[in-house]
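Here the structure comes first, spelled out in structure tokens, and everything after it is commentary.
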Amino acid sequence: MENKIDDEKIKIEDVRPDKNLNILTGDRPTGKMHIGHFFGSLKSRIELQDKFQTFIEVADVQALTDNFNNPEKVKQSVSQIIMDELAVGLDPNKVTFFIQSQIPEIAELTIFYSNLVTIARLERNPTVKTEIAQKKDIFGESVTYGFLGYPVSQAADITCFDATYVPVGEDQLPLIEQCREIVRKFNSIYGETLREPVAVMSENIRIKGLDGNVKMGKSLGNALYLSDDLNTIKEKIMSAVTDPGRIKKDDKGNPDICMVYYYHNLFTDKAECKNICEECKAGKRGCVACKKQLIESVNKTLEPIRDKRKYYENNPKEVMDILMEGSKKARVTAKKTLEKVKKSMKLDY
Ligand code: TRP
Ligand code: SF4
């Protein structure tokens, strides 16, 4: 079977490996990665790095659209993000890691594409709409031109690398859709030049926070970071929310409303989870012991990641070299795209 590339999205289990096709994905560098990122996107990237030509962007320019007043945070986060990615097993020999601001071609494309998108269309983008509502503290009553337009710049990210597939979470679908529209408009005006990308949806579980909040995040203070040390993991798990109806050890519990059980399902093997569930329901399990067991399971997963991350923390030059080498390589591809685009637009002087 051929890869189906006329669909708007495809499930990760349905993609056929093809080393001639490119994948592009990225993150805004605004902090370290937590286990929500691990289950939500990093795991699928690890799987895809062997199947396609993979580009991973550290989207510092996009991060500035809502952090323009905090360049230091963005700068610091660039290396943090990359260390997280390397620590989980993304391999710089397979993946081209690059920094968005090192590829001026993306900025050029953004300007060209901005003629092909109306303000009304950007204002209707559901992801952008939600984000603007959440960021009133930054934007006040009127959003910046740059933030409203970031979907255009993201379309430039994707098309610059001729990406066939873009592995993203559910929340990014409106951005891929907008990119596809820009591509169609471009091709219809200037002639067949750009490729319409397809979103690759992973199983994409959104991990709840330790407090039971549907979202895990730094500002919510409920996240487990890939770089957390054992003591931090202990502290966080010991204060996680359990079944509030359980006072004594032999009270019958309800694991379905317990965050410790929820996390056991992510980190502890299936047979043992079944056992935990039964013991809890029967009132034969203490919450403290249950939490201690979870600490062990979590640490078993995070310890090798943390160790690998330590190596990179101690070798910052190696990290920067990976990013700069990657950016150099990425730029070769970007330049080819710009050449094609400028030719189609009659800007080939
Ligand atoms: N918007 C993405 C996010 O907030 C990050 C991103 C930037 C991205 N450029 C991209 C994702 C290109 C996929 C493709 O997470
Ligand atoms: Fe949660 Fe475990 Fe306590 Fe049951 S025993 S409520 S699963 S922590």
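Counting begins at 1 with the first residue of the sequence. Whatever order the structure lists ligands and atoms in, that order sets their numbers, starting from 1.
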The answer for which part of Gln100 has a heavy atom under 4.0 Å from ligand 1 is neither

Only one of Glu57, Gln172, Gln178 passes side chain to side chain donor-acceptor pair (under 3.5 Å) with Gln154, and that residue is Gln172

**Asked** Using 30° and 60° as the class limits, which term best fits the ring planes of His34 and Tyr225: parallel, tilted or perpendicular?
**Response** perpendicular

Using a 3.5 Å distance criterion without hydrogens, assess whether the side chain of Thr268 forms a donor-acceptor pair with backbone atoms of Asn265. no

Q: Mind telling me whether Phe161 and Phe55 have parallel, tilted or perpendicular rings, with 30° and 60° as the class edges?
A: tilted

Closest to atom 5 (C) of ligand 1 among protein heavy atoms sits Gly26 O, 3.5 Å

Within 4.0 Å of some non-hydrogen atom of Gln154, the atoms of ligand 1 are 1 (N), 2 (C), 6 (C), 7 (C), 8 (C), 9 (N), 10 (C), 11 (C), 12 (C), 13 (C), 14 (C)

- Item | Check: Gln100/Asp157 side-chain N/O donor and acceptor closer than 3.5 Å | yes

In ligand 1, the atoms that come under 4.0 Å of a heavy atom of Ala59 are 7 (C)

Leu24 heavy atoms within 4.0 Å reach ligand 1 at atoms 12 (C), 14 (C)

Donor-acceptor pair between Gln53 and Asn22 side chains, under 3.5 angstrom
no

The atoms of ligand 1 lying under 4.0 Å from a heavy atom of Val166, numbered in the order shown, are 13 (C), 14 (C)

Would you say that more than 12 heavy atoms from the other residues, nucleotides or ligands in this model lie under 6.0 Å from the NZ of Lys19, or not? yes

- prompt: Quick check: does Asp27 get an N/O under 3.5 Å from an N/O on ligand 1?
  reply: no

The atoms of ligand 1 lying under 4.0 Å from a heavy atom of Val168, numbered in the order shown, are 13 (C)

of all protein heavy atoms, closest to atom 7 (C) of ligand 1 is Gln62 NE2, 3.3 Å

min-distance protein heavy atom vs atom 2 (C) of ligand 1 -> Gln172 OE1, 3.3 Å

heavy-atom search around atom 4 (O) of ligand 1 in the protein gives Arg28 NE, 3.4 Å

Here the atoms of ligand 1 under 4.0 Å from any heavy atom belonging to Glu57 are 7 (C), 9 (N)

Note, atom 1 (Fe) of ligand 2 has protein N, O or S atoms under 2.8 Å numbering 1

Any salt bridge linking Lys342 with Glu108? Criterion: basic side-chain nitrogen under 4.0 Å from a carboxylate oxygen. yes

Between Lys94 and Asp50, does at least one N-O distance fall below 4.0 Å, as a salt bridge requires? yes

Report task. Please confirm whether the backbone N or O of Lys215 pairs with a side-chain atom of Asn222, one donor and one acceptor, at under 3.5 Å? Result -> yes

Ion pair present between Asp307 and Lys310, side-chain N to carboxylate O less than 4.0 angstrom? no

* Under a 4.0 Å N-O cut-off, is there an ion pair linking Glu131 with Arg28? -> yes

A student checking ligand 1 against Asp157 at a 4.0 Å heavy-atom cut-off should list atoms 7 (C), 9 (N), 10 (C)

